[in-house]
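If you're wondering where the values come from, they're calculated on a predicted model, not measured in any experiment. Proteins get letters first, then strands, A, B, ... in listed order; numbering begins at 1 in each.
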Amino acid sequence: MLQVILQVCSMMKSDVVIVGAGPAGLVASIELASKGLQVVVVDEYYRSGGRLLGQLYKDRRKKQVWAGKIIANDLVEKAKSLGVKFLFETAVWKIENKTVFISNEKIKQIHTKTILLATGAIEKALPLPGWQKVGVVTAGAAQTFTNLHNVKIGKNVIFVGIDPLSISVAIEMKHAGVNVLGLFLPAPSMLNQKSNPKEVLESIASASGMATNPIYRFGGKLVHGLYTKLLLKFLKFNLLKINGIPIYIRKAVTEINGRAEVESVNVKNISIDGELIGDGKNLLVDTVCLSGGLLPLIDLSQLASCVIVDIPELGGFVPLHSPYLKTTVEGIYVAGNITGIEGAQVSMAQGKLAAWSILKEFKLVSEKDLLQAIKDVEQARSLSPITFLPNIHRGRQIMNEKWADYKNTIGESFDG
Amino acid sequence: MVKNVKQKEIRFNFNGKEIKGHEGQPIAAALFDNGIRAIRYCDVTGELRGIYCGIGHCFECRATVNGISGIRTCLTPIEENMNVASNLTGVQYDEE
Ligand SMILES: Cc1cc2nc3c(=O)[nH]c(=O)nc-3n(C[C@H](O)[C@H](O)[C@H](O)COP(=O)(O)OP(=O)(O)OC[C@H]3O[C@@H](n4cnc5c(N)ncnc54)[C@H](O)[C@@H]3O)c2cc1C
Ligand code: FES
């Protein structure tokens with residue numbers, strides 16, 4: 001008897017469970033609830049917004065400030081007013097036969113008709129000797145503490161890893177009054193591909209075609225100068241600056257020093273092909289922000305037996321999915337950075353697309369609506385103020401091709 | 001633009017020392033504001049540890065909060081009279 005009661009108490013039912021209260025999950029929850037579906041959003045963080053929370057910058061196109069914290073709050077309020085249920089500080093640890101297993105004090109399982117995985121991305125580690133010291137943080141931590149918690153995380157700060165994320169966080173920190181001494185490459189190692197000056201420069205140049213204001217200007221210069229004298233000049237000398245922050249495309253950090261906390265780093269010159277040269281110098285810093293790049297967070301889709309494919313253009317391993325964001329497992333959908341690394345506006349458009357795709361299953365929207373939602377994603381992509389991966393468009397094409405192949409091999413017609 | 005509404009001031013305790021912070025701030029952020037970055041010693045190497053990922057993934061920032069061990073200080077908002085303790089007890093901090 002007691003057991004029966006416990007079971008009843010620890011179980012919940014819903015039409016849709018959304019894993020992740022980032023921009024993708026939040027937008028999806030609003031779309032679904034406004035058409036009358038019962039929606040539960042689960043997030044392991046203590047508040048909603050995901051990586052939106054740390055974002056604060058000027059949007060060059062719209063000429064306005066993109067304040068993620070406020071956007072997230074507005075979305076949550078709207079979702080709540082439509083009856084969406086939120087479970088915070090609750091991790092999803094398994095998905096099996098339309099049952100979602102969660103780590104919540106009261107509720108242990110949710111039985112649902114549909115699941116949307118919107119788990120976002122994580123930062124890749126960038127192991128360097130001394131990286132465990134107090135004062136070494138990830139670029140994401142630096143962003144969160146600067147923009148969300150309004151904390152200055154150091155006095156003299158450097159970034160290791162040169163990419164759109166570290167560049168934009170460095171600019172944000174400088175705005176917040178932190179002394180950012182510069183961005184450096186990591187010392188070459190088996191584990192990272194971020195030490196080749198030429199490749200790094202080309203990658204930020206093409207990724208920044210539509211990036212935030214200063215990166216854009218910088219990228220624009222490079223795109224036009226690609227393979228010309230300008231690129232060579234940048235590669236030859238250390239004279240790159242963005243918003244007054246030096247970008248040391250020819251210097252690598254080889255070690256982080258300090259007895260208790262970070263006190264300095266060793267910096268060596270690096271050849272155009274990524275080989276360390278010379279003896280190096282010691283630079284006094286108290287804080288090091290590591291930026292190893294972003295990876296789609298796909299473990300739940302793996303646990304749920306979704307087919308996974310490796311598409312480097314999208315950021316690595318991602319769940320195979322249709323243009324309508326359906327995975328290979330019936331009833332499981334994906335949206336946001338789990339499908340590939342892109343900016344928040346694209347994630348929001350994908351949240352809507354996934355929601356409409358689900359609504360279509362419930363016969364609440366038409367095929368035409370869905371096609372419009374796909375167009376909206378493409379529009380968001382072309383207007384995005386930040387682009388993380390240079391060949392993202394190609395990556396999306398490859399995914400569509402792989403989906404068509406998959407449908408062929410399992411003998412179904414291509415139905416998206 | 002985002003205006004930061006001044007939140008209510010809150011006092012809590014970190015390893016026996018009284019710390020001031022603001023309502024809604026995670027413990028680690030309040031410690032940072034007070035010049036404290038080292039949160040604990042690593043049991044294995046004896047080295048100091050502080051925040052690393054800032055969003056609850058790495059568990060580097062854990063401490064004992066109101067008697068419960070393993071709490072991530074980067075996620076847990078401070079509360080009035082909260083007691084935060086780690087194996088750093090007795091260590092002198094550089095006051096800055
Ligand atoms: C460190 C970092 C910085 C970034 N900075 C920018 C930026 O400046 N501008 C920009 O446009 N984009 C940025 N991005 C890209 C960012 O991923 C997108 O902007 C957008 O936030 C992705 O939205 P999402 O909804 O897919 O995921 P997220 O916003 O990442 O949200 C995912 C949510 O899922 C939750 N979650 C994950 N797994 C589980 C689980 N098993 N159980 C419960 N909850 C779970 C997480 O707690 C999180 O709240 C950044 C990404 C990272 C990682
Ligand atoms: S800093 Fe990584 S969990 Fe707190």
query: Does some side-chain heavy atom of A:E123 sit less than 4.5 Å from a side-chain heavy atom of B:C53?
result: no
- request: Take A:I153 and B:F32, measure what side chain to side chain contact (heavy atoms under 4.5 Å, CB included) needs, and give me the verdict at the end.
  value: CA-CA 7 Å; A:I153 61 158; B:F32 253 103; 3.9 Å; yes
- prompt: Among B:R72, B:R49, B:E47, which has the most heavy-atom pairs under 4.5 Å with chain A?
  reply: B:R49
- line: chain B shares the most heavy-atom pairs under 4.5 Å, among A:T138, A:I122, A:V136, A:L290, with A:T138
query: Is it true that atom CD of B:E18 has more than 12 heavy atoms of other residues, nucleotides or ligands lying nearer than 6.0 Å?
result: yes
field: Largest heavy-atom contact set with chain B, pairs under 4.5 Å, which of A:C289, A:G135, A:G154, A:G140
entry: A:G135
field: Residue A:D286 versus chain B: region with a heavy atom under 4.5 Å
entry: both
- prompt: Looking at NE2 of A:H149 and CD of B:Q25, how far apart are the two atoms once the value is rounded to the nearest 0.5 Å?
  reply: 8.5 Å
- prompt: Side chain, backbone, both or neither: which part of A:E44 has an atom under 4.5 Å from a heavy atom of chain B?
  reply: side chain
task: Return the minimal non-hydrogen interatomic distance between B:G54 and A:A141, and the atom names on each side.
output: N-CB, 3.8 Å
- line: Only residue of B:I51, B:I36, B:L48 satisfying side chain to side chain contact (heavy atoms under 4.5 Å, CB included) with A:V134 is B:L48
field: Structural part of A:R51 lying under 4.5 Å from a heavy atom of chain B
entry: side chain
Heavy-atom proximity to chain A below 4.5 Å, by part of B:A28: both
query: Is it the case that more than 12 heavy atoms not belonging to A:F101 sit under 6.0 Å from its CZ atom?
result: yes
task: Calculate, to the nearest 0.5 Å, the distance between atoms SG and OH belonging to B:C74 and A:Y46 respectively.
output: 8.5 Å
- prompt: Got a second to check how far B:I55's CD1 is from A:F145's CZ, nearest 0.5 Å?
  reply: 10.5 Å
